[in-house]
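Treat the numbers as computed from the prediction; the structure is a model and nothing was measured.
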Amino acid sequence: MAHPVQLGLQDATSPVMEELITFHDQALMAMFLISFLILYALSSTLTTKLTNTNITDAQEMETIWTILPAVILILIALPSLRILYMTDEINNPSFTIKSIGHQWYWTYEYTDYGGLIFNSYMLPPLFLNPGDLRLLEVDNRVVLPIEAPVRMMITSQDVLHSWTIPTLGLKTDAVPGRLNQTVFTATRPGVYYGQCSEICGANHSFMPIVAELIPLKIFEMGPVFTL
Amino acid sequence: MAPEVLPKPQMRGLLARRLRFHMATAFVLSLGVAALYKVGVADKRKKAYADFYRNYDAMKDFEEMRKAGIFQSVK
């Protein structure tokens, strides 16, 4: 989850999110470069009494400040497209889970092994235990394995929702009448949080997602089916 | 006695000279800022991830978390 006053992205728990963080660093570096250039040019303009009221054209300058931004944009677009296609790679997932958005809770279906279906509601503040996170905890977490590709099929039963876990680099819209697919491979065990990311009514802020990631060996022993 | 004649001061092209100097300085400094960010933030972060995962033991991490009682599915 995010820390208070956190500015940057959450630490990555999947290789795709690591790539996204690296790309964010590259894009932010380009932004700092341009912003500093503009700031310097602005302060330089404001701190001189010298003027020239006879400037008519500046073809060389105009060429440079057309070509250079185009080059910067291409340098940003290339890694962006690489990651975009990387996120669409389907690498034979070993496990499929369905996530269905409702107003205002999620339903998870584990239909690969038997027919486990359960709802996941936010824990109201009065039901929290000491140390629990307000507006983030749920009654039933979605339990997933690490180090194995997992496919999530996401849809909605009523209005638009969005199933999100920032640390895994996942954000997929839940659209009624449509099945969206996202695949991920987690690298670390733990409990990871996300929140619905598409406005869906009064309790849009109160339908969080909590994923419990456990090692594949432990997952295969079936703890999720004894919940 | 002839009065001392000072050299004629530079009277033209002052703005152009200033612009040339500051434009070059701006480019160099902004490339420096970008390089500083790359070395101080981006490369440092990549190294931190590489160092973390070099000897990472997921099972050991999991066992510590399980003993701390954070999981619902395994106690």
_Side-chain (B/Tyr49) to main-chain (A/Ala12) donor-acceptor, under 3.5 angstrom_ = yes
_I'd like to verify something: which residue of A/Leu213, A/Thr22, A/Ile218, A/Ile146 has the highest number of heavy-atom pairs under 4.5 Å with chain B?_
A/Ile218
_Report which part of A/Asp139 has an atom under 4.5 Å of a heavy atom belonging to chain B: side chain, backbone, both, or neither._
backbone
*Might you confirm whether atom OH of B/Tyr56 has over 12 heavy atoms from other residues, nucleotides or ligands at distances under 6.0 Å?*
yes
*asked:* For a 4.5 angstrom cut-off between non-hydrogen side-chain atoms, does A/Arg188 reach B/Phe52?
replied: yes
*asked:* Within residues 37-59 of chain A, which residues come under 4.5 Å of chain B, heavy atom to heavy atom?
replied: A/Leu37, A/Tyr40, A/Ser44, A/Thr47, A/Thr48, A/Leu50, A/Thr51, A/Asn52
*Nearest heavy-atom pair of B/Ala58 and A/Pro189: which atoms, and what distance?*
O-CG, 3.6 Å
*Kindly give the heavy-atom pair with the smallest separation between A/Gly190 and B/Met65, and that separation in Å.*
CA-SD, 3.6 Å
*Measure the NZ-CZ distance between A/Lys217 and B/Phe62 for me, rounded to the nearest 0.5 Å.*
10.5 Å
*asked:* For B/Phe71, which atoms come within 4.5 Å of any heavy atom of chain A: side chain, backbone, both, or neither?
replied: both
All N/O donor-acceptor pairs, side-chain side in residues 27-39 of chain B, below 3.5 Å, sequence neighbours left out:
from, atom 1, to, atom 2, distance (Å)
B/Ser30, OG, B/Ala26, O, 2.6
B/Ser30, OG, B/Phe27, O, 3.2
B/Tyr37, OH, A/Asp25, OD1, 3.1
B/Lys38, NZ, B/Asp43, OD1, 3.3
B/Lys38, NZ, B/Asp43, OD2, 3.4

*chain B heavy atoms under 4.5 Å from A/Gln26: which part of the residue, side chain, backbone, both or neither?*
neither
*Proximity breakdown for B/Arg66 and chain A, heavy-atom pairs closer than 4.5 Å*: neither
*Considering non-hydrogen atoms only, spot the tightest contact between B/Gln72 and A/Glu212 and give its length.*
N-OE1, 2.7 Å
*Which salt bridge (charged side-chain N to carboxylate O under 4.0 Å, His left out) pairs, counting each pair once, include a residue from residues 48-57 of chain B, with sequence neighbours left out?*
B/Lys47-B/Asp51, B/Asp51-B/Arg54
*Just jot down the side chain to side chain contact (heavy atoms under 4.5 Å, CB included) partners of A/Ala30, sequence neighbours excluded, or say none.*
A/Ile72, A/Ile76
*Do other residues, nucleotides or ligands put more than 12 heavy atoms under 6.0 Å from A/Met86 CE?*
yes
*Highest number of heavy-atom pairs under 4.5 Å with chain A: which of B/Ile70, B/Val41, B/Leu19, B/Val74?*
B/Ile70
*Report, as yes or no, whether the 6.0 Å neighbourhood of atom CZ on B/Arg18 holds more than 12 heavy atoms from other residues, nucleotides or ligands.*
yes
*What part of A/Asn140 is in contact with chain B, defined as an atom under 4.5 angstrom from a non-hydrogen atom: side chain, backbone, both or neither?*
backbone
